[in-house]
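Reviewing the structure listed below.
Everything numeric in this text was worked out from a predicted model, so none of it was measured.
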Amino acid sequence: MENVTVNEGKTIAIISYLTFIGTIIAFVMNSDKKNAFASFHIRQALGMVLLSVAISSLRLIGIDGFLARILWIVFFVLLVLGVLGAIQGEEKKIPLLGDQFQEWFKGIG
């Protein structure tokens with residue numbers, strides 16, 4: 001990816017990982033002047049938001065305790081990897097689920 005495109009989209013990419021509100025703000029910021037780098041990270045961040053909802057929903061069906069803690073740790077590690085990729089200006093997919101996030105949300109961005 002071009003260095004100019006990365007530099008222009010880096011701030012939006014980082015913001016996209018800051019909670020669901022950050023993902024919405026990044027989406028709105030990227031809607032006027034589409035940036036491929038920012039769009040990539042918005043799709044990854046949206047997937048992470050949905051993953052957090054899924055992990056939170058496990059409590060509703062009675063899965064709590066050790067398994068939930070492990071899943072939250074895995075979630076946090078994946079989130080940090082996504083943020084680091086955005087900071088470093090790389091289009092690194094989040095391990096395990098990044099390909100699915102890009103496919104599921106290909107119309108976004």
Given the rule that I, L, V, M, F, W and Y join up when any side-chain heavy atoms are under 4.5 Å apart, are [X] and [Y] in one cluster?
X: Leu50; Y: Ile61; answer: yes
X: Ile94; Y: Ile108; answer: yes
X: Ile55; Y: Leu96; answer: yes
X: Phe40; Y: Leu79; answer: no
X: Tyr17; Y: Val74; answer: yes

Exercise: identify the closest heavy-atom pair between [X] and [Y]:
X: Gly9; Y: Ala38; answer: O-CB, 3.8 Å
X: Ala36; Y: Glu91; answer: O-OE2, 3.9 Å
X: Ala26; Y: Ile42; answer: O-CD1, 3.5 Å
X: Ser56; Y: Trp72; answer: OG-CZ2, 3.3 Å
X: Phe37; Y: Ala13; answer: CE2-CB, 3.7 Å

Keeping to residues at least two apart or across chains, list the salt bridge (Lys or Arg N to Asp or Glu O under 4.0 Å) pairs with something in residues 4-24. Glu8-Lys33

Donor-acceptor check, side chain of [X] to backbone of [Y], threshold 3.5 angstrom: yes or no?
X: Asn35; Y: Thr5; result: yes
X: Gln44; Y: Gly98; result: yes
X: Ser16; Y: Thr23; result: no
X: His41; Y: Val83; result: no

side-chain hydrogen bond (donor to acceptor under 3.5 Å, both in side chains) partners for Glu103, two or more places apart: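 Per chain and number, Glu103 pairs via side-chain hydrogen bond (donor to acceptor under 3.5 Å, both in side chains) with Lys106.
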
Go through Arg43 and Trp104 one step at a time and tell me if the side-chain contact (heavy atoms from CB on, under 4.5 Å) criterion holds. CA-CA 9 Å; Arg43 289 189 292 271; Trp104 294 339; over 6 Å; no

From [X] [atom1] over to [Y] [atom2], what is the distance, rounded to the nearest 0.5 angstrom?
X: Ile15; Y: Ile24; atom1: CD1; atom2: CD1; value: 13.5 Å
X: Phe20; Y: Leu46; atom1: CZ; atom2: CG; value: 7.0 Å
X: Asn30; Y: Ile12; atom1: CG; atom2: CD1; value: 5.0 Å
X: Met29; Y: Ile25; atom1: CE; atom2: CD1; value: 8.5 Å

Could you walk me through whether Ile14 and Ile87 pass the side-chain contact (heavy atoms from CB on, under 4.5 Å) test, one step at a time? CA-CA 7 Å; Ile14 294 168; Ile87 291 170; 3.8 Å; yes

Apply side-chain contact (heavy atoms from CB on, under 4.5 Å) to the pair Leu97 and Leu51, showing each step before the final yes or no. CA-CA 9 Å; Leu97 298 168; Leu51 181 60; 3.9 Å; yes

Going through the checks in order, is the side-chain contact (heavy atoms from CB on, under 4.5 Å) test met by Leu78 and Met48? CA-CA 8 Å; Leu78 294 177; Met48 292 302 293; 3.7 Å; yes

Using a 4.5 Å cut-off on heavy atoms from C-beta on, say whether the side chain of Phe76 contacts that of Ser52.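 No, too far: nothing below the 4.5 Å cut-off.
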
